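Worksheet for the structure shown next.
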Amino acid sequence: MEKLIRYSVKKLLEASSSQLVGTEINIKGWVRTRRGNNTLAFIAVNDGSIVHSIQVVAELENFDESTIKLVTTGSCISVNGILVESPGKEQSVEIQARHIEVYGTADAETFPLQKKGHTLEFLREIAHLRPRTNTFGSVLRIRHSLAFAIHKFFNDKDFFYLHSPIITGSDAEGAGAMFRVTTLDPHNPPMNAEGKIDFTQDFFGKETNLTVSGQLEGELGALALSNIYTFGPTFRAENSNTPRHLAEFWMIEPEMAFYEIQDNMDLAEECLKYIIRYALDHNFADLEFLNKMYDKELIERLQSVIEVDFIRLTYTEAVEILIKSGQKFEFKVEWGIDLQSEHERYLVEKHFGKPVILTDYPRDIKAFYMKQNDDGKTVRAMDILFPKIGEIIGGSQREENYDKLLNRIHEMGIPEKDVWWYLDTRRYGTAPHSGFGLGFERLVLFVTGMANIRDVIPFPRTPNNAEF
RNA sequence: UCCUCAGUAGCUCAGUUGGUUAGAGCAUUUGACUGUUAAUCAAAGGGUCCCUGGUUCAAGUCCAGGCUGGGGAGCCA
């Protein structure tokens, strides 16, 4: 087959490609459907560059019957043909095929993807093939855009991308159960004099785990470079079986020296709006598809979020609103409790109807590193609550006072020897600083309108599932 | 981990108070059709009714245990 310039389907469907009409070009991609009659075959080809497929028209008299027979749903083909304006209603251009090469067949009897819609549950079982569906193509393209937008947002603000370690020797944050990292033989581990496993003989000479957060290392970076962010995989060995939890997920954790809690909130709100706007600007075709197929209010919701000011109020004010609401909650509301999802949902979806930033939580329900307020009861935490998905960001101003931090570490029973390096940042040139954590998949959930977090990551890891 | 719902053809589902040979749509195969849009029309093939045990003359249907999946909750991002 003659070698011609290959164009992506996206390029050909763009209006600017009209100068290509009348010329012979090449496309390569996977066949979504083949229709036709005894003289023509219509082949919808998708190469993942865009949600739409391009229609290839083959006049059967110009092709071997045996070739056309191999062009089935799921097969991969290369097509040379002339780009022409389409007489059909559903597309502006199509390709009049001259030559078709079949790269890979897909046995119609066994290929699991059909022209018809599949349930998301079924597609999860064939995660190796689901990227070839319109839905997952859209989700994965949006996921890419969001990741890119995050880097662009921070880079444009002169933040530095800091690579926090994935293997960690500390469990200081206590953010959840951890995955052990070891090279010891599980059947015959070395034992010490006390009859316990001797981790001094392990690869790192100590117990190590996969990270549950890059924040503590992020702070080390911020207290040198001023503004940093991390963006990497995070692991939680919690036995969480919900549509909002993964054992392996990605998290963005900016950390800023000289930022107080208000600056932190401003940055977080600006960041979320920037990213969502980026998706609206760059992935509109995908969003339209998801809006049509899964969530009729998706685009409207995204637009409303970037237009409104997020509501800001304290935990104490939120508790008052909840108590006065007269709403029946399964969990009774009183000052000091951790807010349940029913409470958060009431505030965001019923009471305010827009994103809410809650601050100044009781210190007893928050992490040790959060800056203590003068009232002795609360800390400068901030959580951003979103409609549909709940908490999307959790952050705080950090405690920069050495004595207060050390006290809190003692109170919470954290071994000082594990965090000596963290404490050192408060001994030497400490500074007020703040940061937050943004769960990447929760963001992708919100932007795509998907309902289950397993559908916004290519290969989800959850309890009892590490297939693919 | 707890609560709850579900599991029947490749996919999505129906299947009556327990009763003859378990059905439909789509998909697949074959045929028809001169521009289709999830093409249309006709015919055919396709079943470990999740697994194990129990009740019964008789179980897809009832009971027990298990497995898998969905939803809700907790933990959290």
Side-chain angles (χ1 to χ4, degrees), chain A residues 32-44 52-61 69 72-74 84 86-91 94 96 106-126 133-134 173-177 211-215 232-253 293 329-331 338-345 365-367 383-386 389-395 436-446 451-457 462-465 467:
Chain A
R32 285 291 159 77
T33 70
R34 191 192 77 211
R35 301 177 286 269
N37 51 45
N38 55 3
T39 60
L40 288 169
F42 299 94
I43 306 160
H52 305 297
S53 299
I54 194 160
Q55 175 158 286
V56 172
V57 184
E59 292 183 33
L60 296 184
E61 60 180 6
K69 259 192 143 161
T72 58
T73 297
V84 297
S86 174
K89 284 182 186 150
E90 306 289 317
Q91 60 278 321
E94 64 188 23
Q96 282 289 346
D107 180 2
E109 299 272 10
T110 57
F111 185 64
L113 291 172
Q114 302 171 0
K115 311 179 190 187
K116 278 198 78 157
H118 292 288
T119 59
L120 295 169
E121 290 82 6
F122 173 68
L123 293 176
R124 263 171 235 154
E125 295 169 12
I126 50 165
T133 62
N134 288 336
E173 210 199 347
T211 182
V212 292
S213 166
Q215 181 199 314
T234 310
F235 306 88
R236 304 272 167 94
E238 294 289 349
N239 191 11
S240 298
N241 294 286
T242 85
R244 297 180 307 285
H245 291 86
L246 292 166
E248 176 184 289
F249 63 99
W250 289 66
M251 192 153 62
I252 299 100
E253 294 180 290
M293 302 299 288
F329 294 114
E330 194 187 333
F331 293 88
D338 210 352
L339 296 181
Q340 305 294 315
S341 28
E342 58 174 341
H343 307 137
E344 296 179 349
R345 235 179 293 124
I365 59 171
K366 286 292 182 184
D383 284 2
I384 302 189
L385 310 179
F386 257 36
I389 57 169
E391 184 183 338
I392 193 169
I393 278 180
F436 61 84
L438 166 61
F440 185 56
E441 282 76 16
R442 296 227 175 132
L443 176 69
V444 184
L445 263 185
F446 181 76
N452 192 312
I453 202 162
R454 297 170 181 126
D455 297 330
V456 297
I457 187 166
T462 53
N464 259 315
N465 178 29
E467 194 68 49

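Below, chain A is the first sequence line, B the second, and so on; all start at residue 1. Hydrogens, waters and symmetry mates are skipped; everything else that's a heavy atom, side chains included, is used. Since we're looking at a predicted model, the values are computed, not measured.
For A:P243, the side-chain atoms get nearest to B:rG71 when compared with the rest of B:rG71, B:rU68, B:rC76. Comparing atom distances between the A:R345 side chain and each of B:rA73, B:rG35, B:rA27 picks out B:rA73 as nearest. Nearest to the side chain of A:A108, among B:rA73, B:rG35, B:rU29, sits B:rU29. Looking at the side chain of A:Q114, the nearest of the listed nucleotides B:rG35, B:rC75, B:rA27 is B:rA27. Nearest nucleotide to the side chain of A:F122, out of B:rC11, B:rC76, B:rU30: B:rC11. Of the candidate nucleotides B:rU36, B:rU12, B:rG10, B:rU36 has the atom nearest to the side chain of A:F42. Closest to the side chain of A:R244, from the set B:rC33, B:rG70, B:rA73, is B:rA73. Closest to the side chain of A:Q91, from the set B:rU36, B:rC75, B:rG72, is B:rU36.
Checked by atom type and distance alone, the side chain of A:H343 pairs as donor or acceptor with a backbone atom of A:F331 at under 3.5 Å. Between the side chain of A:E248 and the backbone N or O of A:F235, no donor-acceptor pair lies under 3.5 Å. Here the side chain of A:T242 pairs a donor or acceptor atom with the backbone of A:R244 at under 3.5 angstrom.
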**OP:** Go along nucleotides 46-52 of chain B 5' to 3' and tag each nucleotide: B for a protein heavy atom under 4.0 Å from its base, S when only backbone or sugar atoms are that close, - otherwise.
**Re:** -------

Subject >> Per-nucleotide protein contact string for nucleotides 1-6 of chain B (B base, S sugar-phosphate only, - none; heavy atom under 4.0 Å) >> reply: B-----

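At least one side-chain heavy atom of A:E330 sits under 4.5 Å from a side-chain heavy atom of A:E342. Side chains of A:Q91 and A:I54 form no contact here, defined as non-hydrogen atoms less than 4.5 Å apart. Side-chain contact check for A:N239 versus A:N241: some heavy-atom pair is nearer than 4.5 Å. Using a 4.5 Å heavy-atom cutoff, the side chains of A:H118 and A:T133 are not in contact. Looking at heavy atoms from C-beta onward, A:Q55 lies in side-chain contact with A:R35 at the 4.5 angstrom threshold. Residues A:E59 and A:T39 fail the side-chain proximity criterion, which asks for heavy atoms closer than 4.5 Å. For the pair A:L443 and A:V456, the minimum side-chain heavy-atom distance is 4.5 Å or more. Put simply, the side chain of A:P87 reaches to within 4.5 Å of the side chain of A:E94, judged on heavy atoms.
Residue-to-nucleotide contacts include no donor-acceptor pair under 3.5 Å from the side chain of A:H118 to the base of B:rC11. With hydrogens and angles ignored, a donor-acceptor pair closer than 3.5 Å exists between the side chain of A:Q55 and the base of B:rU36. At a cut-off of 3.5 angstrom, the base of B:rG74 holds no donor-acceptor pair with the side chain of A:Q340. For A:E94 against B:rG35, a side-chain-to-base donor-acceptor contact under 3.5 Å is present.
Residue-level contact check: A:E121 touches the backbone only, with heavy atoms under 4.0 Å from sugar-phosphate atoms and none from bases. Among the atoms of the strands shown, none is found under 4.0 Å from any heavy atom of A:P112. Residue contacts for A:E59: at a heavy-atom cut-off of 4.0 Å it reaches no nucleic acid atom on any strand shown. Across all strands, A:R124 comes closer than 4.0 Å only to sugar-phosphate atoms, never to a base (heavy-atom distances). A:G117 comes within 4.0 angstrom of a base, heavy atoms only. Across all strands, A:L443 comes closer than 4.0 Å to no nucleic acid atom at all (heavy-atom distances). The residue A:S86 sits close to a base: some heavy atom pair falls under 4.0 Å. Here A:T110 lies out of heavy-atom contact (under 4.0 Å) with every strand.
For the OP1/OP2 pair of B:rG71 and a distance below 4.0 Å, the side-chain nitrogens and oxygens of A:N452 include at least one atom meeting the criterion. Contact between the side-chain N/O atoms of A:N38 and the OP1/OP2 oxygens of B:rU34 is found at a separation under 4.0 Å. A:R34 has no side-chain polar atom (N or O) that falls below the 4.0 Å cut-off from OP1 or OP2 of B:rU36. Within the structure, a side-chain polar atom (N or O) of A:K69 is placed less than 4.0 Å from OP1 or OP2 of B:rU30. Contact check, A:N37 against B:rA32: no side-chain N or O comes under 4.0 Å of OP1 or OP2.
The separation of B:rG47 from B:rA14, taken at their C1' atoms, amounts to 15 Å, rounded to a whole angstrom. For the C1' atom pair drawn from B:rC2 and B:rG60, the interatomic distance equals 30 Å after rounding to whole Å. Taking atom P on both nucleotides, B:rU12 is separated from B:rG54 by 32 Å, rounded to a whole Å. Taking the C1' atoms as reference points, B:rG72 lies 27 Å from B:rC11, given to the whole Å. Spacing between B:rC49 and B:rA9 at atom P, rounded to whole Å, works out to 10 Å. A gap of 41 Å separates the C1' atoms of B:rC75 and B:rG15, to the nearest Å.
Under the 3.5 Å distance criterion, with hydrogens and angles disregarded, no donor-acceptor pair is assigned to the side chains of A:T234 and A:R236.
Atom CG of A:L120 is separated from atom C1' of B:rG71 by 14 Å (rounded to the nearest Å). Distance, A:E125 CD to B:rG10 P: 13 Å, rounded to whole Å. Summarising the geometry, the separation between CD1 on A:I389 and C1' on B:rG71 is reported as 18 Å, rounded to the nearest angstrom.
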Original post:
Where do A:L113 and A:I126 land on the side-chain contact (heavy atoms from CB on, under 4.5 Å) test, with the steps shown first?
Top reply: CA-CA 9 Å; A:L113 291 172; A:I126 50 165; 3.8 Å; yes

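Partner assigned to B:rG25 is B:rC11, using Watson-Crick or G-U wobble distances below 3.5 angstrom. Of the nucleotides present, B:rG54 is the one that pairs with B:rC62 by Watson-Crick or G-U wobble criteria, both distances under 3.5 Å. When Watson-Crick and G-U wobble pairs are counted only if both distances are under 3.5 Å, B:rA32 pairs with B:rU40. Across the strands present, B:rC2 finds its partner in B:rG72; the criterion is a Watson-Crick or G-U wobble pair with both atom distances under 3.5 angstrom.
For the pair A:R454 and A:E391, nearest-nucleotide mapping onto RNA chain B gives the more 5' position to A:R454.
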